[in-house]
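Have a look at the structure below, then the notes.
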There are 2 protein chains.
Amino acid sequence: MPPRKSIDAQKVVQTAVALADANGFEAVTLASVAEALGIRIPSLYNHVAGLPGLRYEMRLWGLRLLAEHIRRAAVGKSGDEGVGSVASAYRAFAHAHPGIYAVTLRAPDPDEHDLIAVGQEIIDVLFAILRPYGFDDEDMLHAIRAFRSVLHGFVDLETSGAFKMALDLDESFRRLVEGFIGGLHARQQAAAVTR
Amino acid sequence: MPPRKSIDAQKVVQTAVALADANGFEAVTLASVAEALGIRIPSLYNHVAGLPGLRYEMRLWGLRLLAEHIRRAAVGKSGDEGVGSVASAYRAFAHAHPGIYAVTLRAPDPDEHDLIAVGQEIIDVLFAILRPYGFDDEDMLHAIRAFRSVLHGFVDLETSGAFKMALDLDESFRRLVEGFIGGLHARQQAAAVTR
DNA sequence: ACTATAAACTAATCACATTAGTAACAAGGG
DNA sequence: CCCTTGTTACTAATGTGATTAGTTTATAGT
């Protein structure tokens, strides 16, 4: 019994995502989305729960896409190769969706269950990738925090335009990830000595 | 010839900064600042250039404070010790001003000359701290990008509440910086072999 | 064709930002 | 001591965006 079907929630979110990637997340207003869709502002309320609801859907869509990219990048890989592959996928997502990336990584509120669940999926993949290094639980959690920090720091600075020197960004990222992998090996050595 | 002097630009910015640290940067509106100061909204225009102007002043204030902290932390130190000291100061700034930190690191527009100048001062300090490692220009620039990435990534995720596990954050940060320093040494070795 | 339902609309309200124009006050020169 | 000048705060008016209520309309299923 779906009646007049020209615009649905998906199309609204997709339109908003496109606007965010083109003009920045803050530039997404109900007014701009409505105009892009050729409808009046109040009509959007038939598809999303106002501006807060739309923003939530945008974050969720972004995080799901990121999770999928990371999962894909991690298939059949682990250890050093897996770290590099996941890192590249993470950065590629940010390049493809700069406007969405900035808010995708904002920590979800306790009541945003879907966001929390997808975030946990991503953490689980990182867990799997790092498993071959044989860390105990504590080392593993610190390593995951470090991995997330390295990825987010570079990508956030890069997409926000903070790196202004004329110097190859790919090479900077390659070295950063290389350094992180070196740190994993060093931690492995240290743990072996203690044992 | 200063007339009725109860409120000046500084007090407006300070009030806005306090609101940002308490409730988040987005929560700072001219309405909330005016109410906190006990004046009407239009009166603020005598001190700052509207909301965009206020936001600029807030970012500039934050970046100047960060630069000062980092400069102080770098006095009389270099190499591994300097890296650790600067890293701690950077993180301490973010803890002291979580609402301001998030926007302080946004890359300035080309016409925001003061912001660019202060940002460059910070880069200069990082340069000085890393000088003892003896990198050539290219290695140095990559190293600075990595340093900024590591600091920003951890601090941004931490202050936004993205690290939810019950695991000591200080220890995570200590290990992250330790790993970064290890990477600097590894790069030093690699450069020595090439030479 | 008829009806139920969902989508889109108009109208009204609210909050915030901004601009224009006005009133009041404080300091310095006569 | 008063008056001029410049600054600060104000009220009033306007515009944009978000939201809610209530209405109309198109379409899918009977």
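In what follows, chains carry the letters A, B, and so on, assigned in the order in which the sequence lines appear, proteins first and then strands, with residues in each chain numbered from 1. All values derive from a computational prediction rather than experimental measurement.
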ask   = Is B:R59 close to B:E112 at the side-chain level, that is, under 4.5 Å between some pair of heavy atoms?
value = yes
inquiry  = Between P on D:dT8 and CG on B:D8, what's the gap in Å once rounded to a whole number?
reply    = 9 Å
task = Write down the distance between CD1 (B:I39) and P (D:dA9), rounded to a whole number of angstrom.
result = 6 Å
query = Phosphate oxygens OP1/OP2 of C:dA7: is one of them under 4.0 Å from a side-chain N or O of A:S43?
reply = no
ask   = Rounded to whole angstroms, how far apart are CG on B:L44 and P on C:dT18?
value = 10 Å
ask   = Nearest-Å distance, CZ (A:R40) to C1' (D:dG22)?
value = 17 Å
ask   = Separation of A:L37 atom CG from C:dC9 atom P, in whole Å?
value = 11 Å
query = Do any side-chain nitrogens or oxygens of B:S6 fall under 4.0 Å of OP1 or OP2 in D:dA9?
reply = yes
task = Examine the base of C:dA6 for any acceptor or donor lying under 3.5 Å from a partner atom in the side chain of A:N46, and report the outcome as yes or no.
result = no
key: Protein-nucleotide distance (A:E35, atom CD; D:dA18, atom P), rounded to Å   = 12 Å
inquiry  = What is the separation between atom CG on B:L30 and atom P on D:dG15, rounded to the nearest whole Å?
reply    = 19 Å
task = Kindly confirm or rule out a cation-pi arrangement of A:R91 over A:F173, judged by NZ or CZ under 6.0 Å from the six-membered ring centre and within 45° of its axis?
result = yes
ask   = Which of these nucleotides, C:dA20, D:dG17, D:dT19, is closest to any side-chain atom of B:P42?
value = C:dA20
request  = Would you kindly give the CG-to-C1' distance between B:L19 and C:dC16, to the nearest whole Å?
outcome  = 15 Å
message = I'd like to check A:F163 versus A:S172 (side-chain heavy atoms, cut-off strictly below 4.5 Å). Are they in contact?
response = no
query = Does B:Y90 have its ring centroid less than 6.0 Å away from the ring centroid of B:F154?
reply = no
ask   = Does A:H47 make a side-chain N or O approach to OP1 or OP2 of C:dA6 shorter than 4.0 Å?
value = no
key: Any A:Y45 side-chain nitrogen or oxygen under 4.0 Å from OP1 or OP2 of D:dT19   = yes
query = Run the salt bridge (Lys or Arg N to Asp or Glu O under 4.0 Å) check on A:R64 and A:E68 step by step: do they pass?
reply = CA-CA 6 Å; A:R64 281 190 171 138; A:E68 190 186 322; over 6 Å; no
message = Looking only at the side chain of A:L51 (C-beta and beyond, no hydrogens), which of the listed nucleotides D:dT19, D:dC10, C:dT18 gets closest?
response = D:dT19
